[in-house]
Amino acid sequence: MTEKLLACGFRNGQVQQLDLTRCNIMGILNVTPDSFSDGGLHHNTDAALFHAEKMILQGATLIDVGGESTRPGAAPVSLQEEMDRVVPVVEAIHKNLDTIISVDTSTAEVITQAAAVGAGLINDVRALQREGALLAAAATELPICLMHMQGQPDTMQQAPSYESVVQDIHHFLAERIEACARVGIGRHRLLLDPGFGFGKALAHNYQLLNQLESFHSLGLPLLVGISRKTMIGQVLDNCPADQRLVGSLAAAVIAAMKGCAILRVHDVAETTDAVKIVQATLAAAEVSRL
Ligand code: 7PM
């Protein structure tokens, strides 16, 4: 079974603990110039710090810093560029704000450098499959989120195809848990994410959301990112990203009801309120069993 607390690095000599018995909010902090939902507003460190502080005040217990745009059709980013975007922001947040910093990267060097300046969790959409990433992540001793993606960001939405999307992703994640074990990354350090929108057609995404609880059989905490994604827009008359708040909250409530430990979202204040209602509902079931 899942442990209660996840150790996410240190801050001022203290272990930073993440409570896995509740649904935590991870606020998205994009530091790409082409970030699809915030227009790259946080490209300089002060603006990034300001937005991170706002999300913490709104209820985020983690901040996910990402410097590589993985939106469908996105061009790859050079190592130096990703490093220059991500590392100063991680360092500034670590020095100034009391939060757990997640770093959204697949790059070994970024994993190492981000950990050295205060990252508390590695969030890899490629599940440590890039050259050197497994060993770099192992050495940090930090927790790692293993996400499923079919294909690569530039082409992944062209023809997503599965035998059974739920079973295929179970199989993939189980294989990556094994790969982690082989380099000494224990299960206690892992979180799993089915990767909504990453090489999935509309039906695949909703099958995954429908069957989300099936991933509990892998015995690890779940992280889910659905906020403002195309799968919301497609059900709502193809509305643009800035009109997907209500749909995103509905999806967040479904995922929280199904026991996910971390929700990765843009709209922190709104999602925090929605999840409080879920928590009250889930807690009531426990009370009635007494
Ligand atoms: C399409 C796909 C557009 C993905 C934008 C995105 C996730 C993530 C991202 C996720 C984890 C976005 C992204 N999505 N990390 N990074 N899980 N663990 O919505 O679903 O910002 S990038």
Side-chain angles (χ1 to χ4, degrees), residues 18 24-42 51 55 62-77 82 85-86 100-107 110-111 119-129 133 137 142-158 160 169 172-173 176 190-202 204-205 208-209 212 215 220-234 240-242 244-245 247-248 251-252 255 260-268 271:
L18 183 70
N24 293 275
I25 306 298
M26 170 187 273
I28 300 171
L29 186 64
N30 283 316
V31 290
T32 56
D34 64 339
S35 303
F36 84 113
S37 281
D38 64 13
L41 289 174
H42 313 297
H51 188 57
M55 292 193 288
L62 306 105
I63 299 294
D64 190 44
V65 179
E68 184 218 7
S69 177
T70 43
R71 74 196 277 189
V77 164
E82 192 192 351
R85 288 175 186 177
V86 170
I100 296 168
I101 305 160
S102 158
V103 57
D104 195 340
T105 187
S106 302
T107 313
V110 177
I111 290 170
L121 188 149
I122 296 153
N123 172 28
D124 186 3
V125 300
R126 294 176 183 79
L128 305 178
Q129 292 178 103
L142 295 175
I144 299 145
C145 176
L146 301 172
M147 198 198 80
H148 173 271
M149 166 163 59
Q150 183 177 85
Q152 292 299 317
D154 54 348
T155 53
M156 65 188 177
Q157 291 307 107
Q158 285 172 13
I169 293 174
F172 171 84
L173 293 173
R176 296 313 297 159
L190 297 176
L191 301 106
L192 304 177
D193 183 340
F196 288 96
F198 286 86
K200 280 114 188 155
L202 182 65
H204 298 139
N205 285 313
L208 285 170
L209 187 54
L212 188 66
F215 290 93
L220 298 177
L222 303 180
L223 189 159
V224 161
I226 308 180
S227 180
R228 300 187 191 174
K229 281 187 180 172
T230 301
M231 66 180 279
I232 303 295
Q234 282 172 313
D242 66 357
R244 296 175 189 166
L245 173 61
S248 297
C260 88
I262 302 177
L263 282 170
R264 182 183 177 277
V265 305
H266 300 87
D267 303 290
V268 172
T271 312

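It should be emphasised that the depicted structure is a prediction, and the values quoted were computed from it without experimental measurement. Worth knowing before you read on, the calculation uses all heavy atoms, side chains too, and leaves out hydrogens, waters and symmetry mates. Start at 1 and go down the list; that is how both ligands and their atoms are numbered.
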What heavy-atom pair brings V31 and G67 nearest, and what distance separates the two atoms? CG2-CA, 3.7 Å
Please indicate whether any nitrogen or oxygen in H266 is less than 3.5 Å from any nitrogen or oxygen in ligand 1. no
If you measure every N or O of G225 against every N or O of ligand 1, does any of those distances drop under 3.5 Å? yes
Any side-chain to backbone donor/acceptor pair from R264 onto M26? Under 3.5 Å, distance only. no
N123 heavy atoms, cut-off 4.0 Å: which ligand 1 atoms fall inside? 11 (C), 15 (N), 18 (N)
Does K229 approach ligand 1 within less than 4.0 angstrom via side chain, backbone, both or neither, non-hydrogen atoms only? side chain
Taking the side chain from K229 and the backbone from S227, do they hold a donor-acceptor pair closer than 3.5 Å? no
Going by distance alone, is a donor N or O of one side chain under 3.5 Å from an acceptor N or O of the other, for T105 and E68? no
Within-cut-off N or O pair, R264 and ligand 1, under 3.5 Å: yes
For I226, which part has a heavy atom under 4.0 Å from ligand 1: side chain, backbone, both, or neither? neither
Quick one: do D242 and R228 make a salt bridge, cutoff under 4.0 Å? no
Please identify which atoms of ligand 1 are closer than 4.0 Å to at least one heavy atom of D193. 10 (C), 11 (C), 17 (N), 18 (N), 20 (O)
Relative to the heavy atoms of L223, which atoms of ligand 1 are at a distance of less than 4.0 Å? 18 (N)
Side chains of M55 and H266 in contact at under 4.5 Å (non-hydrogen atoms): no
In terms of atom number and element, which parts of ligand 1 are under 4.0 angstrom from non-hydrogen atoms of V125? 8 (C), 15 (N), 16 (N)
Looking only at distances, can you tell me whether any N or O atom of D104, backbone or side chain, sits closer than 3.5 Å to an N or O atom of ligand 1? yes
Residues P194 and L212: closest non-hydrogen pair is CG-CD1, 4.0 Å
